[in-house]
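Before any comments, here is the structure.
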Amino acid sequence: MAPSASHHVAGNAGEVKLDYMEDRDAKAQDTIYTTASGAPVPHPYEAQRAGENGPLLLQDHHLIDLISHFDRERIPERVVHAKGGGAHGVYKTTAPLDDLCMADLFGADKEVPITVRFSTVGGESGSHDCARDPRGFSVKFRTAEGNWDVVANNTPVFFLRDAAKFPHFVHTQKRNPATHLTHADDATIFWDYLSQNPESIHQVMILMGDRGIPDGWRKMHGYYGHTLKLVNKSGEWVYAQMHMNSKQGTAFITQEDSANYSPDYAQKDLYTAIEKGDFPSWDVCFQTMTPKEAEELWEKQKINVFDMTHIWPHKQFPLRKVGEFTLNENVENYFAEIEQIAFNPAHMPPGIEPSADPVLQSRLFSYPDTHRHRIGVNYQQLPINAPRVPYRMANFQRDGQMAFYNQGSRPAYLSSIQPIGFKERKVDHDLVHGNFTSQAVSYLSEIRPEDFNAPRALWEKVWDEDARERFIKNISGHMSTVTVEEILKRQIAIFREVSEDLASRLEKATGVKGYEGISNMHFNGSHNGMTKDPKVANANGLKKPAHFGGHNGAPTAAHQTAVSAH
């Protein structure tokens, strides 16, 4: 549900206290117009002048305060996921997961309040809800052991697996720095990046397929994408992938039909459904595997659990439902409860831990770093972000902008005079995250045959003929604004590694003849592990490190010494 926080005012001046929930739910007719300092003003439109027809007076604090605040009303929009909306709700565990995870929220019949934010990824805050783009799907679980922020997408894979590529990739999804045009008018930089980084192929096929424009936010699934670790009370752990499956089913909008929808279609659809009592729900499920199974998955099937471009086969690792959540309350104030909400994948309660997934590792830093810049260093004190734990928190984090709760006169250090309390750590990090002692490695992944297995299955087994035709039409239309033919030749060659049928259809649709596969191609973004020609094998002509093991960062034999659960 909605957040709560209060600021108690000492003294006898008045009986009204500043309370977020009370202020949020107050009616306009129950308020008095004042300045920000609380001084009543008889009319918001009046201003002091030097005579009836004279200039304005600088001493008019009401006007100066009004205008200066107006000039600062906007905070920086998110670099990615700028356009979005959301709602409040509740999560409930329906099938306890305590055999695998000690997190309190996964105990029998546990319920916690949540807030969900959906979004597009590349567009600005005023962009169209029906753009062809992945969708963000973020959930803040307010547990008794702190917030758990799930920062997910509506696709199970992503465009990259090397963390340092992310800023560069995002730049190519934005406006062209020279023309200031989006992909709708000039898709050259978009396809230039993709044609140099073939590991993006699975996500590209999903993006250009039917799931590229979901029919609103209610009718799409959510995927954490990253590999987590779940730890039980015995200290045993497993790898895990989290899925949030829509109980409304899934639906999509065609490229041709998307222009007929409102720019705020998804926002309106969610808000209207909740207002009329049609509360959307999702099942929360996990795939899990032991460290040994992860090693065998790489050795036998070349699927890397640390790789965001790979998926776990459902037949081998079936979904286990643990609970479900429902959105049943619209926000009262969009800015306070959606624009200022901040999701941080590093926020994990005991029992949920990060894996060595390199993109996840980078996000553990990137997200809170962004929030401190965009909202302020004390962003977690805002009511929408504040934890709801059954104990008073102490952390010695003092001062800084917007420090609402500055921990009073309590010592700002570990004092023996006024000692604070401690709770025992539930997770033995030495076991869960052990066995990583090594030399420093300058690492960049390479393109390998297994990178095309899942995209090939998508084309040949998952999609029907109508879906294939829509895909070709979508992608050839998007490519029509590319101004450099070489880029299309390269991209078609990448698609040829997926399917000759796909590449041939794309050649016919674009009128461009692509290269015959990638075995003779050089990429500036990734090493080419599918060539025998040393002249084109390495990205930008760099030499692969002598210690490059050929396992592309996947977990290999005995990569963990800790005992794991089955």
Donor on one side chain, acceptor on other, His221 and Ser246, under 3.5 Å: no
Tell me whether the rings of Phe166 and Phe169 are parallel (<30°), tilted (30 to 60°) or perpendicular (>60°). tilted
Does any donor atom in the side chain of Gln301 or Gln316 lie under 3.5 Å from an acceptor atom in the other side chain? yes
Quick one: salt bridge (charged side-chain N to carboxylate O under 4.0 Å, His left out) pairs with a partner in residues 170-186, sequence neighbours left out? Glu124-Arg175
Given the options Asn197, Asn540, Asp451, Ser526 meets side chain to side chain contact (heavy atoms under 4.5 Å, CB included) only with Asn197
Given the options Asp264, Thr120, Asp133, Lys83 meets side chain to side chain donor-acceptor pair (under 3.5 Å) only with Asp264
As an exercise, state the distance from CH2 of Trp459 to CD1 of Ile201, rounded to the nearest 0.5 Å. 11.0 Å
Going by atom types only, do His347 and Gln380 share a side-chain donor-acceptor pair under 3.5 Å? yes
Residues forming a side chain to side chain contact (heavy atoms under 4.5 Å, CB included) with Pro345, sequence neighbours excluded: Val151, Tyr224, Leu360, Arg363, Leu364, Tyr367
Exercise: do Thr155 and Arg135 side chains pair donor with acceptor under 3.5 Å: no
For the residue pair Trp282 and Phe118, categorise the inter-ring angle as parallel (less than 30°), tilted (30 to 60°) or perpendicular (more than 60°). tilted
Distance-only, no hydrogens or angles: does the Asp269 side chain make a donor-acceptor pair with backbone N or O of Gly216 under 3.5 Å? no
Any residue meeting side chain to side chain donor-acceptor pair (under 3.5 Å) with Thr309, in chain and number order, not counting sequence neighbours: Arg161, Asp307
